[in-house]
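Presented below is the structure to which this report refers.
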Amino acid sequence: MRVVHMTDVHFFVPPTIRGAMSKRALGLANLYVAGRVRYFDASDVVRQAVADALDFRPDLFVMTGDLSAMSTDDEFKAAREAFAPLLESVPSVVIPGNHDRYTRGAVRESRMERYFSRWMEGGTWDPDAGAWVGGDGGYPTRFRIGGVDVIATDPCRAHLRSSGRYADGAIAQAEELVRGSRDAGQQVVYLMHYPPLWGDGTPYNRPGHCLTDVDDVLASFDRAPPDLVLHGHKHECWRTDRGPTVVLNCGTTSARSPLEDRAAGYFVIELKEHKVQEVRRRVIKEGVSFWEDHPSTFGT
Ligand SMILES: [Fe+2]
Ligand SMILES: [Fe+2]
């Protein structure tokens, strides 16, 4: 099974007066995006990444959140349109990032779900229907496609810090899903927006930016290890292996940074017989087009 993984594209559309949000939220979002505005270019770069990825004929497309900057309708709409060629032709799974749960209003209105619910609610892939069927919504949830189960989680909360925390019992529920999938002989891919680990293998515990219950997540991985963990949030790509689990940070799929590990990239991952057989990274070079990057860094 060939999986394409993208993350953290941060479409940014400043709200109109009608869609005004609190000045504080807007100020922070502006600061957040403006500080990077030189680099982030979602509308152009995502379209290039999507076109590049389709050439690999993926069996599964995964997006690990931060589609937006401020969770506005306009941002989700722009992201939905840009990803449409993948979403409409490849079985896809999308989870939220903290910027997709940016305000209480966005959470209350299920704003992200308005545009992406077809790829958020779990279920089994039905090739005839071209859709996931039997999903019950809510997190954590499971997607099943062939011999692969994708466990999707959401620890993102509406507050103005960038930290996250799972709801009570959610880590244990996800662990049960992992265990059940493993017992059923499925290969397990675990999706979370936040990094569980830094690139050096230590817990990702940066104050104000981390999962505050990251130690509980790691303990759960030790008891019931997924085969593969995919995440974003920290806009820098890396691979960390922890015991039998491969952990991949895709970084961002929309920045034009001159630093290659911070430039727009995405992963093409081959899964076979309970192994992550190959990891390739495609990265934008010289801000122009996507090329193969560091195969030996991510390899097998
Ligand atoms: Fe992000
Ligand atoms: Fe994030």
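Since the structure is predicted, the reported quantities are computational estimates derived from the model, not experimental observations. All values below come from the heavy atoms of this structure, side chains included, with hydrogens, waters and symmetry mates left out. For ligands, and for the atoms within them, numbers begin at 1 and follow the listed sequence.
Aromatic ring centres of Phe116 and Phe83 lie farther apart than the 6.0 Å criterion allows.
At a threshold of 2.8 Å, the Fe ion (ligand 1) has no backbone or side-chain N, O or S atom of His233 nearer than that distance. For the Fe ion (ligand 1), the N/O/S atoms of His99 include none lying under 2.8 Å.
Lys272 and Glu278 are not joined by a salt bridge, as no carboxylate oxygen comes within less than 4.0 angstrom of a charged side-chain nitrogen.
With hydrogens and angles ignored, the 3.5 Å screen pairs no side-chain donor or acceptor of Ser220 with any backbone N or O of Asp216. Within the 3.5 Å criterion, the main-chain N or O of Phe56 finds a donor-acceptor partner in the side chain of Arg2.
In terms of heavy-atom proximity, Gly199 sits nearest to Trp238 at N-CE2, 3.5 Å.
Within Asp66, the N, O or S atom lying nearest to the Fe ion (ligand 1) carries the name OD2. Nearest to the Fe ion (ligand 1), among the N, O or S atoms that Asp8 has, is OD2.
Computed with the Fe ion (ligand 2) at the centre, the Asn98 OD1 to His193 NE2 angle is 90°, stated to 10 degrees.
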